[in-house]
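Heads up, the thing below is written out as structure tokens.
Atoms within a ligand are numbered from 1 in the order they appear, just like the ligands themselves.
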Amino acid sequence: MSFPIVEILGVPVAALTMAEAVGQAERWMDERRGALIATANAEMIMNATRDEELFEILRVADLVVPDGAGTVWAAHHLGHEMPERVAGYDLAQQLLKRAPEKDRRVFFFGSAPGVAEKAKQKAEAVYPGIRVVGTRNGYFSEADEQEIIREIRAAKPDLLLAALGVPKQEKWLKKHKDELEVPVSIGVGGTLDVMAGTAKRAPLWVQKAKLEWLFRGLLQPKRAGRLLALPKFVFRVHASKK
Ligand code: UDP
């Protein structure tokens, strides 16, 4: 099944619902396809306008979902349908929730030492029967890469959640895609931190008010500079409107 694509500053974002994104990822796991899924918020799309490698990865990714109110706004502003936000964290939870009944194997890769293990414990408590077949923190040197790849291959996951931050996770997944042989890989940013409880998501009412970006910027001062990406994004999208 293919979904309508909306190009936002050249990044092809799929106009689909969360249920459709989950269904697509499930099909790729069934087919053992080797798919790369990216979750594009305004900040990632802005990064892609300056980072050729990231831009090319997003152009060839199997699926780019609209992670963020900014992305959904941009599609609407450009005159296209975009049914809803498909946040990376939520997509990951939906897939984890379905993992036990399908007997899926899941690997958590990324975040500071100890976080992936905590996220695994959390997943085992929230999604009984889930098989998290491996964890690995996201701080490594080039010399460690082959060992990490071996670790992931040996664990034979159906789903790989890579939480190395943007654009590291996208570049790493793309570079090692063939060696990894994982049916579905997703770059999920701070998802493991949120699962482990080391970072918080915005309360639901803030998410519903489409202000999660503001919450994250204010809560993590080191991200405050990143808040500027949003007005820049709004300006660039408007300027790109024909
Ligand atoms: N991270 C990592 N390796 C690195 C840099 C970052 O594993 O070399 C992790 C970091 O610990 C955090 C995640 O990547 O868990 C990035 O989270 P953030 O919310 O900043 O994601 P982004 O907004 O960049 O997608």
- Message: If you count every heavy atom of other residues, nucleotides or ligands that lies below 6.0 Å from Lys122 atom NZ, does the total exceed 12?
- Response: no
- List every atom of ligand 1 that sits less than 4.0 Å from any heavy atom of Gly190, numbering the atoms from 1 in the order shown and giving each element. 17 (O), 18 (P), 19 (O), 21 (O)
- Item | Contact atoms of ligand 1, heavy-atom distance to Lys168 under 4.0 Å | 4 (C), 8 (O)
- For Lys177 and Asp62, run salt bridge (charged side-chain N to carboxylate O under 4.0 Å, His left out): C-alpha distance rounded to whole Å, both residues' side-chain angles, the deciding distance at 0.1 Å, then the answer. CA-CA 12 Å; Lys177 189 174 178 217; Asp62 297 278; 3.7 Å; yes
- Query: Can Leu164 be reached from Leu161 by stepping across I, L, V, M, F, W or Y side chains whose heavy atoms are under 4.5 Å apart?
  - Reply: no
- Query: Which part of Arg226 is near ligand 1, with near meaning a heavy atom under 4.0 Å away: side chain, backbone, both or neither?
  - Reply: side chain
- Item | Nearest protein heavy atom with distance in Å, relative to atom 15 (O) of ligand 1 | Asp193 OD2, 2.3 Å
- Is the shortest N/O to N/O distance between Tyr139 and ligand 1 below 3.5 Å? yes
- Task: Mark yes when over 12 heavy atoms from residues, nucleotides or ligands other than Lys168 sit less than 6.0 Å from its NZ; otherwise mark no.
- Result: yes
- Query: Among Ala162, Gly138, Ala163, Pro167, whose heavy atom sits nearest atom 9 (C) of ligand 1?
  - Reply: Ala163
- Query: Can you list the steps and then say if Arg104 with Glu26 is a salt bridge (charged side-chain N to carboxylate O under 4.0 Å, His left out)?
  - Reply: CA-CA 10 Å; Arg104 307 270 196 223; Glu26 290 284 354; 2.4 Å; yes
- Quick note, ring pair (Phe, Tyr, Trp, His ring centres under 6.0 Å) partners involving residues 85-119, not counting sequence neighbours, are Phe109-Phe140, Phe109-Trp172
- Message: Within the structure, is a non-hydrogen atom of Leu192 found at a distance of less than 4.0 Å from ligand 1?
- Response: no
- Message: Determine whether Gln121 and Val132 satisfy the following criterion, side chain to side chain contact (heavy atoms under 4.5 Å, CB included), listing intermediate values before the conclusion.
- Response: CA-CA 9 Å; Gln121 285 165 15; Val132 181; over 6 Å; no
Donor-acceptor pairs are to be reported for all side-chain atoms of residues 182-193 against protein atoms at under 3.5 Å, with residues two or more places apart or in another chain.
| unit_1 | atom_1 | unit_2 | atom_2 | d |
| --- | --- | --- | --- | --- |
| Thr191 | OG1 | Val188 | O | 2.8 |
| Asp193 | OD1 | Thr198 | OG1 | 3.1 |

- Query: Considering only protein heavy atoms, which is closest to atom 24 (O) of ligand 1, and at what distance to one decimal place?
  - Reply: Val166 N, 3.1 Å
- Near Ser111, which atoms of ligand 1 are under 4.0 Å from a heavy atom of that residue? 2 (C), 7 (O), 9 (C), 11 (O), 15 (O)
- Query: Where's the contact between Leu164 and ligand 1, heavy-atom distance under 4.0 Å: side chain, backbone, both or neither?
  - Reply: both
- Query: Just by distance, with hydrogens left out, do Arg98 and Gln94 show a side-chain donor and acceptor under 3.5 Å apart?
  - Reply: yes
- Item | Per atom 23 (O) of ligand 1, closest listed option by heavy atom (Arg136, Arg223, Met44, Glu43) | Arg223
- With a cut-off of 4.0 Å, which atoms of ligand 1 are near a heavy atom of Ala112? 11 (O)
- Look only at interatomic distance and state if Gly110 has a nitrogen or oxygen under 3.5 Å from any nitrogen or oxygen of ligand 1. no
